[in-house]
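Report on one structure; see the data block that follows.
Residue numbers start from 1 in every chain, and the chains themselves are labelled A, B, ... in the order their sequence lines are given, proteins ahead of strands. Computed from heavy atoms alone, side chains included, the values below leave out hydrogens, waters and symmetry copies.
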Number of protein chains: 2
Amino acid sequence: MSAVRLLDELSHAPQQSEWLDTILKGDCVAALDRLPEKSIDVIFADPPYNLQLDGDLHRPDQSKVDAVDDDWDQFESFEAYDAFTRAWLLAARRVLKPNGTIWVIGSYHNIFRVGAKMQDLGFWILNDVVWRKTNPMPNFRGRRFQNAHETMIWASRDQKGKGYTFNYEALKASNDDIQMRSDWLFPICTGGERLKNDNGDKLHPTQKPEALLARIMMASTKPGDVVLDPFFGSGTTGAVAKRLGRHFVGIEREQAYIDAANERIDAVRPFDEADLTVLTGKRAEPRVAFVSLIDTGLVTPGATLYDAKKRWAAKVRADGTVAIGDSAGSIHKIGAEVQGLDACNGWTFWHYERSGGLTPIDELRRIARLGMERAGG
Amino acid sequence: MSAVRLLDELSHAPQQSEWLDTILKGDCVAALDRLPEKSIDVIFADPPYNLQLDGDLHRPDQSKVDAVDDDWDQFESFEAYDAFTRAWLLAARRVLKPNGTIWVIGSYHNIFRVGAKMQDLGFWILNDVVWRKTNPMPNFRGRRFQNAHETMIWASRDQKGKGYTFNYEALKASNDDIQMRSDWLFPICTGGERLKNDNGDKLHPTQKPEALLARIMMASTKPGDVVLDPFFGSGTTGAVAKRLGRHFVGIEREQAYIDAANERIDAVRPFDEADLTVLTGKRAEPRVAFVSLIDTGLVTPGATLYDAKKRWAAKVRADGTVAIGDSAGSIHKIGAEVQGLDACNGWTFWHYERSGGLTPIDELRRIARLGMERAGG
DNA sequence: AATCACAATGAATCCAGGT
DNA sequence: AACCTGGATTCATTGTGAT
């Protein structure tokens with residue numbers, strides 16, 4: 001059973017039994033300094049992202065986006081954030097075993113600073129891994145690409161960090177016998193897995209999905225290993241560690257999160273040792289964008305598309321739209337427009353000329369899909 | 001036709017015609033310093049990667065992997081790489097227009113240092129975009145995840161970099177009418193597209209696929225824009241720019257790459273101008289004042305406007321405002337007020353009665369715009 | 001009971017042009 | 001430069017309540 005350990009209680013050199021599978025309450029660096037050196041196998045860290053938001057953001061339906069504007073994510077400057085990053089990374093490095101590895105997750109707001117600092121401090125990057133979200137929040141104003149991923153850095157303690165754990169064969173076996181790539185596809189944490197407060201609102205603004213942590217632990221830890229999370233939050237790391245037969249240590253400042261995490265972890269039933277096989281992520285149906293036919297040279301800008309009866313002819317443009325006269329838009333929009341319908345499947349409606357006959361462009365999509373399948377959509 | 005310009009030839013302040021659509025030979029920073037400030041719309045940069053290879057890498061069959069170990073890719077230390085990065089980023093920033101944007105591509109070896117330096121110098125990150133490779137090189141040793149992606153940083157010159165080009169509507173239309181995400185899927189550059197030297201080996205170690213550059217230019221440039229590539233290499237940026245009706249400027253040190261790139265670009269046939277039209281949305285349409293509908297007689301003072309469900313009725317006044325009871329104001333203000341919202345698009349909220357049904361006044365705006373076009377703006 | 005319509009929401013550096 | 005205002009903009013999933 002997990003319990004809270006106040007730092008003040010640990011006036012002596014702490015024995016492992018006092019902090020293993022517990023949440024240490026307090027500041028991240030201070031708590032790390034109380035742990036013995038070289039005692040941790042793997043660290044998973046989800047530090048503040050240092051988002052710099054300017055005013056409110058509304059959805060097109062005028063509802064307000066619930067932004068991450070908590071105090072813990074506010075920093076005076078890049079310099080202040082760098083100093084914070086350096087401090088916790090140094091403290092984390094001390095407690096890591098020589099053959100240990102560390103995972104840090106972040107977004108473009110902070111991950112470049114974190115990665116550079118990790119290299120400066122002597123960590124040796126093994127991979128950067130991309131978490132592709134199946135259901136990311138849209139870009140509501142239409143001024144940028146939809147921010148659909150986050151980045152994780154996986155690094156060993158030293159360049160000569162030989163002997164770190166990487167369960168290559170198990171990952172490959174769980175991935176249709178293809179070696180695991182550096183881009184992973186998972187949904188964000190919603191529904192029943194998402195912890196709620198008494199109001200029914202999300203308890204923690206940035207709760208990570210358990211599937212993500214499970215992939216990380218199945219890849220880089222062995223059963224019985226100790227996984228440390230210096231920004232424990234809602235305790236996903238602890239819950240997954242317990243379920244997978246790993247030990248955890250959490251560090252967290254806010255009592256409300258500690259209480260919720262303890263309750264959550266207590267409810268977890270570990271898998272039987274024999275069942276600790278790797279969980280596979282969702283495989284998405286590869287969706288093909290019309291523009292990818294242009295990318296791959298299957299369709300050339302300036303080409304003409306026809307409907308099955310050649311009543312209409314549309315011209316393909318370089319931007320991946322099609323045009324008839326003054327009208328331009330997606331294959332679906334223009335297909336609907338010429339027929340006077342609300343909707344149309346452009347893939348089956350439009351055809352291209354081949355050896356005298358007409359073939360639906362859906363056939364080209366099938367060809368394009370063949371090249372995408374291994375990469376998982 | 002493209003041509004090589006030696007820096008020595010440019011002893012005077014160079015005219016645009018002297019460097020547009022050419023490759024400048026020489027050191028990246030020195031060449032950038034010869035270009036006029038604020039003259040470039042978009043920069044694409046593929047800087048050296050600072051790969052730290054410890055000895056030769058061998059495939060399982062003992063054949064040697066042709067790794068990136070050219071001497072331009074070796075750096076003494078992180079410090080030297082940071083200084084190099086800072087120098088070329090500063091020089092690049094000077095030539096970028098205030099509303100210009102920059103793309104930088106890299107791997108985990110260098111992208112964190114580059115991204116942190118970009119933030120330090122005042123660039124404002126708009127997105128990080130992941131290039132997922134359909135066919136990445138396997139990890140031969142089985143000690144890490146297959147390195148299946150590279151990272152691109154897209155940034156504006158300043159935080160207040162308003163008005164940068166982003167062809168949102170075109171990208172969405174080309175992507176099954178769903179907004180474009182930050183993770184892109186493309187094959188690596190192989191086959192006929194890959195330039196070879198006389199021995200039949202690859203000419204350049206890191207030639208990027210044209211589809212990747214095409215996506216970048218279709219997203220962030222307009223036809224006629226100037227795209228600069230300070231590490232031109234095999235000239236992918238120039239070839240795609242020419243094909244898409246954009247101008248390019250390349251900077252490259254090695255004559256062999258310059259020769260190959262010039263030959264490659266000369267062979268490119270641009271798409272027809274008509275096929276390069278970029279789909280734009282409402283944002284790009286000229287402003288229409290509601291009062292101009294009254295001026296042109298499309299709306300009469302005293303007319304009544306309704307919301308779609310006829311819960312509210314507003315009266316049009318001669319000055320172009322609408323009124324409900326004591327409240328009067330713009331179509332937007334009154335629309336927001338009756339709904340209790342902060343904002344409202346009056347053009348789509350308010351309707352007028354026509355043959356029994358309700359039609360949005362946006363339809364009248366469309367008609368007004370047609371009249372403006374005929375009158376020549 | 002099954003289906004459908006609608007609402008809610010997630011780590012967000014999310015406007016442009018004029019006065 | 002600061003302020004004001006017109007008006008443009010969303011995808012996947014879950015939960016709820018009506019049909």
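- Comparing C:dA8 with D:dT10, their C1' atoms are spaced 13 Å from each other, to the whole Å.
- Contact annotation: side chain of A:Q62 to base of D:dT9, donor-acceptor pair present below 3.5 Å.
- Remark: the separation of the C1' atoms in D:dA18 and C:dA1 is 14 Å, to the nearest Å.
- Within the 4.0 angstrom heavy-atom criterion, no nucleotide atom of any strand lies near B:A289.
- Nucleic acid contact class of A:P209 (heavy atoms, under 4.0 Å, all strands): none.
- Listed candidates were D:dA8, D:dT5, C:dG10. Nearest to the side chain of A:I188 is C:dG10.
- For D:dA12, neither phosphate oxygen OP1 nor OP2 lies less than 4.0 angstrom from any side-chain nitrogen or oxygen of A:K133.
- Side-chain proximity of B:H332 to the nucleotides D:dA12, D:dA8, D:dG7 is greatest for D:dG7.
- Rounding to whole angstrom units, CZ of residue A:F140 and P of C:dA11 are separated by 11 Å.
- Contact annotation for A:S107: no contact, since no heavy-atom pair falls under 4.0 Å across all strands.
- With D:dC11, C:dA11, C:dC15 as the choices, the nucleotide that has an atom nearest any side-chain atom of A:R143 turns out to be C:dC15.
- In the set C:dA11, C:dA12, D:dT9, the nucleotide with an atom closest to the side chain of A:H109 is C:dA12.
- The separation of D:dG15 from C:dA11, taken at their C1' atoms, amounts to 23 Å, rounded to a whole angstrom.
- One atom, CG of B:D183, and another, C1' of D:dC11, lie 13 Å apart when rounded to the nearest Å.
- Distances shown here put every side-chain N or O of A:T190 at or beyond 4.0 Å from the OP1 or OP2 atom of C:dG10.
- Regarding contacts with the backbone of D:dT10, a side-chain N or O of B:K172 is found under 4.0 angstrom from either OP1 or OP2.
- Computed from coordinates, the B:Y168 OH to C:dC15 C1' distance equals 14 Å when rounded to whole Å.
- In this structure, B:G163 reaches the sugar-phosphate backbone alone: every heavy-atom distance under 4.0 Å involves primed, P, OP1 or OP2 atoms, never a base.
- For C:dC14, there is no paired nucleotide, since no Watson-Crick or G-U wobble pair has both relevant distances below 3.5 Å.
- Across all strands, B:R365 comes closer than 4.0 Å only to sugar-phosphate atoms, never to a base (heavy-atom distances).
- Summary of the strand contacts: A:P136 and A:Q52 both lie near DNA chain C, and taking for each the nucleotide with the nearest heavy atom, the more 5' one is attributed to A:P136.
- Taking atom CZ of residue A:R144 and atom P of nucleotide D:dC11, one finds them 17 Å apart after rounding to whole Å.
- Residue contacts for B:Q119: at a heavy-atom cut-off of 4.0 Å it reaches a base atom on one of the strands shown.
- Among the atoms of the strands shown, base atoms are found under 4.0 Å from some heavy atom of A:D46.
- Of the candidate nucleotides C:dA11, D:dG6, C:dG10, C:dG10 has the atom lying nearest to any side-chain atom of A:R59.
- Looking at heavy atoms from C-beta onward, B:M152 lies out of side-chain contact with B:I111 at the 4.5 angstrom threshold.
- Nucleotide D:dG17 is matched to C:dC4 when pairs are restricted to Watson-Crick or G-U wobble geometry with both distances under 3.5 angstrom.
- Distance from the side chain of B:I178 is smallest to D:dC11 among D:dG6, D:dC11, D:dT10.
- Regarding A:L57, its CG atom lies at a distance of 15 Å from the P atom of C:dT9, rounded to whole Å.
- No cation-pi contact links B:R157 to B:F123, judged by a cut-off of 6.0 Å to the six-membered ring centre and 45° from its axis.
- Between B:N99 atom CG and C:dG17 atom P the separation is 10 Å, expressed in whole Å.
- As judged by a 4.0 angstrom heavy-atom cut-off over every strand, A:D66 is placed among residues touching the sugar-phosphate backbone only.
- Using modelled atom types, one side-chain atom of A:Q146 and one backbone atom of A:P136 make a donor-acceptor pair closer than 3.5 Å.
- Among D:dG7, C:dT9, C:dA11, the nucleotide with an atom closest to any side-chain atom of B:N345 is D:dG7.
- Under a 4.0 Å N-O distance rule, the pair B:E169/B:R283 qualifies as a salt bridge.
- Looking only at atom types and distance, the side chain of B:D177 has a donor-acceptor partner in the side chain of A:S330 under 3.5 Å away.
- Distance B:E337 CD to D:dG7 C1': 17 Å, rounded to the nearest Å.
- A:G200 comes within 4.0 angstrom of nothing in the nucleic acid, heavy atoms only.
- Rounded to an integer number of Å, the gap from CG of A:N139 to P of D:dT9 is 12 Å.
- Residue contacts shown for A:W72 include a base, since a base heavy atom lies under 4.0 Å away.
- Contacts of B:Q179 with the nucleic acid, taken as non-hydrogen atoms under 4.0 Å apart, involve only primed sugar atoms and P, OP1 or OP2.
- Contact of the B:W124 side chain with the B:D158 side chain is not registered, since no non-hydrogen atoms from C-beta on lie closer than 4.5 Å.
- Pairing for C:dT9 is with D:dA12, a Watson-Crick or G-U wobble pair whose two hydrogen-bonding atom distances lie under 3.5 Å.
- Counting any heavy atom pair closer than 4.0 Å across all strands shown, B:I125 reaches a base atom.
- In the set C:dC15, D:dT10, C:dA11, C:dA11 carries the atom at the smallest distance from any side-chain atom of A:E150.
- Of the N and O atoms on the side chains of A:H109 and A:S107, at least one donor lies less than 3.5 Å from an acceptor on the other residue.
- Under the Watson-Crick or G-U wobble criterion, with both distances below 3.5 Å, C:dT19 is paired with D:dA2.
- Comparing D:dG6, C:dA12, C:dT9 by their closest approach to the side chain of A:D201 singles out C:dT9.
- For A:R141, whose side chain is taken as the heavy atoms from C-beta onward, the closest listed nucleotide among D:dT9, D:dG6, C:dG10 is D:dT9.
- A cation-pi arrangement is present between A:K133 and A:W131, with the terminal nitrogen or guanidinium carbon under 6.0 Å from the aromatic centre and inside a 45° cone about the axis.
- Position along DNA chain C of the nearest nucleotide to A:R194 versus B:K162 favours A:R194 as the more 5'-ward residue.
- Cation-pi geometry between A:R144 and B:F166 is not met: the NZ or CZ atom fails to fall both under 6.0 Å from the ring centre and inside 45° of the normal.
- The residue B:S330 sits close only to the backbone: its heavy atoms come under 4.0 Å of sugar-phosphate atoms, none of a base.
- If you check every strand for non-hydrogen atoms under 4.0 Å, B:C344 touches a base.
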